[in-house]
Amino acid sequence: MSAQTQIYAGAFADPVFAAQSVFRTLMDCFARPGTIGRLSASASPPSPLGNASGAVALTLCDHDTPVWLSPALAKSAVPQWIAFHTGACVTEAKDEARFAFVEKGAAVPGFDQFALGTQEYPDRSTTLVVEVEGLTGGQPLVARGPGIKTETVVAPIGLPDVFLDFWVANRAVFPRGIDLVLTAGDAVLCLPRTTKLSAKEF
Amino acid sequence: MYVAVKGGEAAIANAHRLLADRRRGDRSLPAITIEQVVEQLGLAVDRVMAEASLYDRSLAALAVRQARGDMIEAIFILRAYRTTLPRFGYSEPVDTAGMLVERRVSATYKDLPGGQLLGPTFDYTHRLLDPSLIGDEPVAAPAVKEPGEQVMRVSDILDGEGLIEGDGQMPDGHVAGDLTREPMEFPMPRDLRLQALARGDEGFLLALAYSTQRGYGRTHPFVGEVRIGEVEVELDLPELGFAVSLGTIRVTECQMVNQFKGSAKQPPQFTRGYGLVFGQSERKAMSMSLVDRALRTDEFSEDIVAPAQDQEFVISHADNVQATGFVEHLKLPHYVDFQAELDLVRRMRHDSLRQSMAR
Amino acid sequence: MDAKQRLEAPPAIDRKEGMRLLARATLAELAAAWEAIADKPDVAPVRGPETGLVMVRGRIGGGGDPFNLGEATVSRATVRLSTGEVGHGQMLGTDKERARYAAVFDALFQNAAHRPAIEALHRLIAARLEAEDRQKAEETAATRVDFFTMVRGED
């Protein structure tokens, strides 16, 4: 497929309703951290951006949200695809990004390199969208916090080894901090900055 | 304290129905069309576009009709509508030097390249009510004449002598701010102030501009030029790699030239105030340029002695949608607040009576 | 140069200039041009047609640094022809139908077989605009003040 064709193809067939449906799934998953949500609308972004990550980009990004892309994504047709379909421009400065995308298997930068917001405007932070191998079957982590009645277990496969350290550091700067969307296949799992994670004790 | 109060649905529905009836008026008269508003009440449409900060003649005309001619209500409706639309991007800056000029006058030079072009002005009319407009008498087509030379910018003429400051420069690396995206903060840089003034209330800016003339922050102004005409709007398309023209909009531009004695930092020279407004509105553009100059106190080490020089005062109160929202909200139910105040005043009255009786 | 001369000796109109002209075309001009096209390709939407906003910028003092003046409504569309060309249309206002036509003609302009017809449409629009601008300039010129100085006194 030519680069030109890749840029124009692969967006939602029905942009308004698809974006509304994906937004609803994301909102529910952020409200109930640890829940796995299946996206009802599909996107086919240029490789190596995953389909669910592409659907999240089409739903959440717009002209006012600079986007940071991992090195491999930045080299692909993804920047033009996102620019054409959402109006968002790509930034190289992680701390200017409102959204950041990392494809499956790529290195995840330290969360503190992204925009963490300010005490006055904690919302001016980056939401990371990271594609992983799978949302279940990995090292179990216990999640607690708002939206979780007592505790729940999340076990994504393919998170970096230092993930838990990153997350604890992210919790420590609350109310500042990043929010995280993990994607795999056509599903998402959301971890807002309010969620506390710890290794499951056996 | 706020307490939710329910009720009044039927009253509200009937009030809206009554509003629709009064808006339509006498049914034996034909309804006014949007095209008629655009064509025959064009300056009302222009004002709504300027202060709603949204250029769209048809939508502005619809807002005027919907608001029964209440300008601020129409501006409010159009301002609300714009929030429903996605932002596609920022245009290339419009080139007012390349304007298709419909009017251009200068108060500083009589004979200047391009000449004094009066255009469709109310100036030199006698302001006598015209009974011929009660009906629909035929109107003659405009006179025509061979166009003359290119209309030159007056600021370029003065600039040749080095006696006038240049067009406004912001500090290196400054990115133009956008009021529609970031909350207001003071002190506010000049680019943001101009955005706020361009959408500011014409009456408020006119009054402030007048106040500078009456001695509340003197600016010694001359109209370098006022021009009205069409400019092209170009948008860069990333998918193509070049900017394309989207069409033209009509704007009014005013270059106000102000005498400046000089300061420790600057030699005596002419300074400038700038006005740029959607549509045809030289009263607004002139007022804007006077207020723009008055607000530049920090650049010229001037003391702030008058309201028009106080940017927090001017900018915070220039927006008529904000202003009307705040003032008009006072008519909404404040029953609980008022009960509390009533209670307080009764107790104070009681206490003061008791004290005076004790004495 | 009047409109007639321009039609006889058409200057080359590139894609950018073509888009400028299509942005100013009337719905009637666009619809008539589409009617006149033989063997019409199929047109598939890629983006839009949709209406949004462009923040119009000015320059401080007319030629200085940019500032944001206010927004304008813009309608745009991107289409792909069954022959493969992708075209973009965008213009001020809320008329999505015109934006879609403009995108179709931008795509057809890139197709050698259809190009002459689109160039003819470009010239038609250009001639109308030139006549309109000319008329406006002449009307404005008639309101130019001719000063004359009255001499008083002996010398």
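Labels below follow one simple rule: chain letters A, B, ... track the order of the sequence lines, proteins then strands, and each chain is numbered from 1.
Electrostatic pairing of B:Glu146 and C:Arg134 counts as a salt bridge here, judged by a charged N lying under 4.0 Å from a carboxylate O. Under a 4.0 Å N-O distance rule, the pair B:Asp191/C:Arg57 does not qualify as a salt bridge. Classification of C:Arg20 and B:Glu232 as a salt-bridged pair holds, one side-chain N sitting under 4.0 Å from a carboxylate O.
Residues C:Phe147 and B:Gln116 are in side-chain contact: their nearest non-hydrogen atoms beyond the backbone lie under 4.5 Å apart. Counting only heavy atoms from C-beta outward, the side chains of B:Pro147 and C:Glu138 approach each other to under 4.5 Å. No side-chain heavy atom of B:Leu276 sits under 4.5 Å from any side-chain heavy atom of C:Arg59.
In terms of heavy-atom proximity, B:Lys145 sits nearest to C:Ala141 at O-CB, 3.5 Å. Here the closest heavy-atom approach between residue C:Gly58 and residue B:Val94 is recorded as CA-CG2, 4.1 Å. Nearest heavy atoms, B:Ser91 versus C:Val56: OG-CA, 3.4 Å. Nearest heavy-atom pair, C:Thr140 versus B:Arg103, reported as atom, atom and distance to 0.1 Å: CG2-N, 4.4 Å. Among all heavy-atom pairs drawn from B:Leu85 and C:Gly52, the shortest one is CB-CA, 4.1 Å. Nearest heavy-atom pair, B:Arg82 versus C:Leu53, reported as atom, atom and distance to 0.1 Å: O-CD1, 3.4 Å.
Neither the backbone nor the side chain of B:Glu165 comes within less than 4.5 Å of any heavy atom of chain C. With a threshold of 4.5 angstrom between heavy atoms, B:Glu102 approaches chain C through its backbone and through its side chain. Interface remark: B:Thr248 contributes backbone and side-chain atoms alike to the contact with chain C (heavy atom separation under 4.5 Å). There is no contact between B:Asp292 and chain C, counting heavy-atom distances below 4.5 Å. Only the side chain of B:Val233 has a heavy atom closer than 4.5 Å to any heavy atom of chain C. Contacts of B:Leu237 with chain C are made by side-chain atoms alone, with heavy-atom separations under 4.5 Å and no backbone atom involved. The parts of B:Arg87 that come within reach of chain C are both its backbone and its side chain, each placing non-hydrogen atoms under 4.5 angstrom from that chain. Both the backbone and the side chain of B:Leu54 come within less than 4.5 Å of a heavy atom in chain C. Residue contact with chain C, scored on non-hydrogen atoms closer than 4.5 Å, is absent for B:Arg104. Both the backbone and the side chain of C:Lys16 come within contact range of chain B, with heavy atoms under 4.5 Å apart. Heavy atoms closer than 4.5 Å to chain C are found in the side chain of B:Phe242, but not in its backbone. Proximity to chain C is absent for every atom of B:Leu179, based on heavy atoms less than 4.5 angstrom apart.
Of the listed residues B:Arg193, B:Glu253, B:Gln169, the one with more heavy-atom pairs under 4.5 angstrom with chain C than any other is B:Gln169. For chain C, the option among B:Ala198, B:Pro120, B:Gly115 with the highest count of heavy-atom pairs below 4.5 Å is B:Gly115.
Counting only distance, with no hydrogens or angles, the side chain of C:Glu139 and the backbone of B:Ala143 share no donor-acceptor pair below 3.5 Å.
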Do any side-chain atoms of residues 92-99 of chain C form donor-acceptor pairs under 3.5 angstrom with protein atoms, and if so which ones, sequence neighbours left out?
{"unit_1": "C:Asp95", "atom_1": "OD1", "unit_2": "C:Glu97", "atom_2": "N", "d": "3.1"}
{"unit_1": "C:Asp95", "atom_1": "OD1", "unit_2": "C:Arg98", "atom_2": "N", "d": "3.2"}
{"unit_1": "C:Arg98", "atom_1": "NE", "unit_2": "C:Ala25", "atom_2": "O", "d": "2.9"}
{"unit_1": "C:Arg98", "atom_1": "NH2", "unit_2": "C:Ala23", "atom_2": "O", "d": "3.1"}
{"unit_1": "C:Arg98", "atom_1": "NH2", "unit_2": "C:Ala25", "atom_2": "O", "d": "3.1"}

Full working for salt bridge (charged side-chain N to carboxylate O under 4.0 Å, His left out) between C:Arg24 and B:Glu230: CA-CA 13 Å; C:Arg24 289 160 174 74; B:Glu230 290 179 2; over 6 Å; no

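Surrounding CE of B:Met286 are at most 12 heavy atoms belonging to other residues, nucleotides or ligands under 6.0 Å away.
Residues of residues 64-78 of chain C that come within less than 4.5 angstrom of chain B, heavy atom to heavy atom, are C:Gly64, C:Asp65, C:Pro66, C:Phe67, C:Asn68, C:Leu69, C:Gly70, C:Glu71, C:Ala72, C:Thr73, C:Val74, C:Arg76 in numerical order.
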